[in-house]
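Taking it in order: structure first as structure tokens, then the write-up.
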Amino acid sequence: MKIVAAEVVVTSPGRNFVTLKITTEDGLIGLGDGTLNGRELAVASYLRDHVVPLLLGRDAHAIEDTWQFLYRSAYWRRGPVTMSAIAAVDVALWDLKAKAAGMPLYQLLGGASRTGILAYGHASGRDTDELFDSIRHHLELGFRAIRVQTAVPGIDAVYGVPTRPATPGGRHDDYEPAQRSPLPAEEDWDTTAYLRHIPTVFEAVRSEFGPELPLLHDGHHRMTPIQAARLGKALEPYDLFWLEDCTPAENQEALRLVRQHTTTPLAIGEVFNSVWDYQTLIREQLIDYVRSSVTHTGGITAMRKLLDYAALYQVKSGIHGPTDISPVGMAAALHLDLAIHNFGVQELMPHGPLTNEVFRQTYTFEDGYLHPGDEPGLGVELDEEAAARFPYEPAYLPFNRLKDGTVHDW
């Protein structure tokens, strides 16, 4: 199954996406997601200028060999740009292989290990009433697990909480932090105020919605290890499903301190891009959930190996699924979710109508559970005419400064 063409498509239907389209000599088309939020053109160039020429004439069936070739032949390994580019190729090749086999991708990965994929939604609010409305809205949508983010008194803008007023019926499922502007927006941060406020929020949420609803929270890398340990311990009475990215985990040993002080489950890794980022965390069982995305971690081939390694230590999946993962990358995650044994939960931020016009997908969400569908391949098609109507626009994630002006983790 020889590759005869490979094209990089950059489109911005509401936000920027990078898609690799690979065509074989018999006319099959495979799609891969190479989107890297705020650095999309770096991956597009890496693919177009350095990877595509290496793909032409290769056997599309040789997925493992192609992955190793792209990873090792560049000499400069890892990093989000390289691994997102490799992921785009890898997912496109799996899409092609499943289409050639005439079956959905999850069947090639070993078949379904479950009937549906538990998804969590994103509730938020500028105050308790607005937060409760958002949680109710997500429950009405069918979610059975809810991430809770809230404004903090004294801080003007907080990750996960839109500053726009709520629209009728609740608008909290459309949060998109990347802003179309020539420079990133500056936001403020105060860890002490955050640590005081968050436990009171979860006390109120548990009082209102009871003990059984799975609740999640994202610390977004903003705490030191001892601060993270303090928060995890303070949240123990509210039985969180997980506390995510409580501290920057590039220093993997820092999680030892957090683990010593709290039994709150920990999820780490949405900014990681290889198994090496997790080696200590998994081997020492310092985390409970792997948060990497298929798109940023080398594709299905690499993520399957990472999650198989995690399974040896009873660590489960919690694959990253925000709106900066295209429907192509989301579909790849769902096929993997359905097949692996150590599935935990899947993040779901629904894409908007413009994105769904460009990327036509067959995956479904019903009664709290996702399913990738049973069309051959990934089950996603790219409408190139629609994509062409939405040219790339620069967009950046915000950044934080403390009260004294120090740049802080956003």
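- At a cut-off of 3.5 Å, with distance as the only test, a side-chain donor of T262 or E236 sits close to an acceptor on the other residue.
- The side chain to side chain donor-acceptor pair (under 3.5 Å) check on Y369 picks up nothing, with sequence neighbours excluded.
- Note on R389 versus E384: no salt bridge recorded, every NZ/NE/NH1/NH2 to OD/OE distance being 4.0 Å or above.
- Residue pairs meeting the side chain to side chain donor-acceptor pair (under 3.5 Å) criterion with at least one member in residues 344-356, sequence neighbours excluded: H122-E347, R291-E347, H320-E347.
- Between the side chain of S292 and the backbone N or O of T297 there is no donor-acceptor pair closer than 3.5 Å.
- Side-chain atoms of S134 come within 3.5 Å of backbone atoms of S124 as a donor-acceptor pair (strictly under, hydrogens ignored).
- T200 places a side-chain N or O within donor-acceptor distance of the main-chain N or O of H197, the cut-off being under 3.5 Å.
- Residues passing the side chain to side chain donor-acceptor pair (under 3.5 Å) test with Y238: none are found, sequence neighbours excluded.
- Counting heavy atoms of neighbouring residues, nucleotides and ligands inside a 6.0 Å radius, atom NE2 of H341 does not exceed 12 of them.
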Next on the checklist: L255 vs V258, test: side chain to side chain contact (heavy atoms under 4.5 Å, CB included). Steps then yes/no.
Outcome noted: CA-CA 5 Å; L255 271 295; V258 181; 4.2 Å; yes
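- Judged as a side chain to side chain donor-acceptor pair (under 3.5 Å), and not counting sequence neighbours, N273 has no contacts.
- Checked by atom type and distance alone, the side chain of N342 pairs as donor or acceptor with a backbone atom of V315 at under 3.5 Å.
- Residues P248 and D409 have side chains in contact (heavy-atom distance under 4.5 Å, counting atoms from C-beta outward).
- Using a cut-off of 4.0 Å between Lys/Arg side-chain N and Asp/Glu carboxylate O, D65 and R58 are scored as salt-bridged.
- Residue pairs that meet the side chain to side chain donor-acceptor pair (under 3.5 Å) test with at least one member in residues 372-381, sequence neighbours left out, are Y106-D374.
- Not a single donor-acceptor pair under 3.5 Å links the side chain of T264 to the backbone N or O of L235.
- From H221, atom NE2 reaches atom OH of Y159 across 8.0 Å, with rounding to the nearest 0.5 Å.
- Inter-residue side-chain proximity for Y120 and L348 is flagged as unmet; no heavy-atom pair is nearer than 4.5 Å.
- A pairwise comparison of heavy atoms in L118 and F343 identifies O-CZ, 3.5 Å as the closest pair.
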| message | T301 vs D90, test: side-chain hydrogen bond (donor to acceptor under 3.5 Å, both in side chains). Steps then yes/no. | response | CA-CA 7 Å; T301 297; D90 184 78; 2.5 Å; yes
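- Side chains of R180 and S12: a donor on one and an acceptor on the other come within 3.5 Å.
- Note on residues 284-303: pairs passing ring pair (Phe, Tyr, Trp, His ring centres under 6.0 Å), not counting sequence neighbours, are F241-Y289, W242-Y289.
- The two residues G32 and A92 come nearest to each other via the heavy atoms N-CB, 3.7 Å.
- Contact detail for V81 and A42: the closest heavy-atom pair is CG1-O, 3.9 Å.
- With sequence neighbours excluded, no residue forms a side chain to side chain donor-acceptor pair (under 3.5 Å) with R77.
- In this structure F69 satisfies the ring pair (Phe, Tyr, Trp, His ring centres under 6.0 Å) test with no other residue, sequence neighbours excluded.
- Contact annotation: the side chain of L370 never approaches that of D337 to less than 4.5 Å [non-hydrogen atoms, C-beta and beyond].
- The aromatic rings of F359 and F17 sit perpendicular to each other, their planes meeting at more than 60°, with 30° as the lower class boundary.
- Between I300 and L105, the closest side-chain pair of non-hydrogen atoms falls below 4.5 Å.
- The 12-atom threshold is exceeded at CD of E64, counting heavy atoms of other residues, nucleotides or ligands nearer than 6.0 Å.
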Does M223 form a side chain to side chain contact (heavy atoms under 4.5 Å, CB included) with Y194? I'd like the steps, not just the answer.
CA-CA 10 Å; M223 290 166 277; Y194 168 79; 3.9 Å; yes
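- With respect to D288 and K316, no salt bridge is recorded, no charged nitrogen being found less than 4.0 Å from a carboxylate O.
- Heavy-atom neighbours of E393 CD from other residues, nucleotides or ligands within 6.0 Å: above the threshold of 12.
- Annotation for A310 and V290: closest pair CB-CG2, 4.1 Å, computed over non-hydrogen atoms.
- Pairs of residues two or more places apart, or lying in two chains, that qualify as salt bridge (Lys or Arg N to Asp or Glu O under 4.0 Å) and include a residue from residues 30-55 are R15-E40.
- Side-chain contact between I325 and S293 is present, with at least one heavy-atom pair separated by less than 4.5 Å.
- The salt bridge (Lys or Arg N to Asp or Glu O under 4.0 Å) pairs that include a residue from residues 271-285 are R78-D277, R256-E284, where partners are two or more places apart or lie in different chains.
- Judged by distance alone, the side chain of D95 and the main-chain N or O of L31 form a donor-acceptor pair under 3.5 Å.
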Step by step, would you call L47 with V89 a side chain to side chain contact (heavy atoms under 4.5 Å, CB included)? CA-CA 9 Å; L47 284 167; V89 176; 4.1 Å; yes
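- Ring-plane geometry between W189 and H408 is classed as parallel, the angle between the planes falling under 30 degrees on a 0 to 90 degree scale with a further cut at 60.
- In this structure, T150 and I198 have side chains that are in contact, with non-hydrogen atoms separated by less than 4.5 Å.
- Counting only distance, with no hydrogens or angles, the side chain of T24 and the backbone of L28 share a donor-acceptor pair below 3.5 Å.
- Panel note: side chain W67, backbone G298; a donor-acceptor pair is recorded below 3.5 Å.
- In this structure, R196 and V152 have side chains that are not in contact, with every pair of non-hydrogen atoms separated by 4.5 Å or more.
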For V52 and L20: C-alpha separation, side-chain torsions, deciding distance, then whether side chain to side chain contact (heavy atoms under 4.5 Å, CB included) applies. CA-CA 9 Å; V52 165; L20 179 65; 4.2 Å; yes
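- When atom types are taken as modelled, the side chain of Q285 and the backbone of Y313 share a donor-acceptor pair closer than 3.5 angstrom.
- Between V294 and L336, some side-chain heavy-atom pair lies under the 4.5 Å cut-off.
- The six-membered or imidazole ring of Y278 lies near that of F272, with a centre-to-centre distance under 6.0 Å.
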- CA sep, side-chain torsions, deciding dist, call: Y363, H371, ring pair (Phe, Tyr, Trp, His ring centres under 6.0 Å): CA-CA 5 Å; Y363 58 80; H371 194 281; over 10 Å; no
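- Of the possible donor and acceptor atoms, none in the side chain of S207 sits under 3.5 Å from a partner among the backbone N and O of E203.
- Applying the side chain to side chain donor-acceptor pair (under 3.5 Å) rule to pairs touching residues 394-404 yields E186-R401, D190-K403, D404-T406, sequence neighbours excluded.
- Closest approach of Y46 to A74, counting heavy atoms only: OH-CB, 4.1 Å.
- Among residue pairs with one or both ends in residues 206-223, those qualifying as salt bridge (Lys or Arg N to Asp or Glu O under 4.0 Å) are R136-E208, R147-D218; sequence neighbours excluded.
- Between I268 and C246, the shortest heavy-atom distance links the atoms CD1-N, 4.2 Å.
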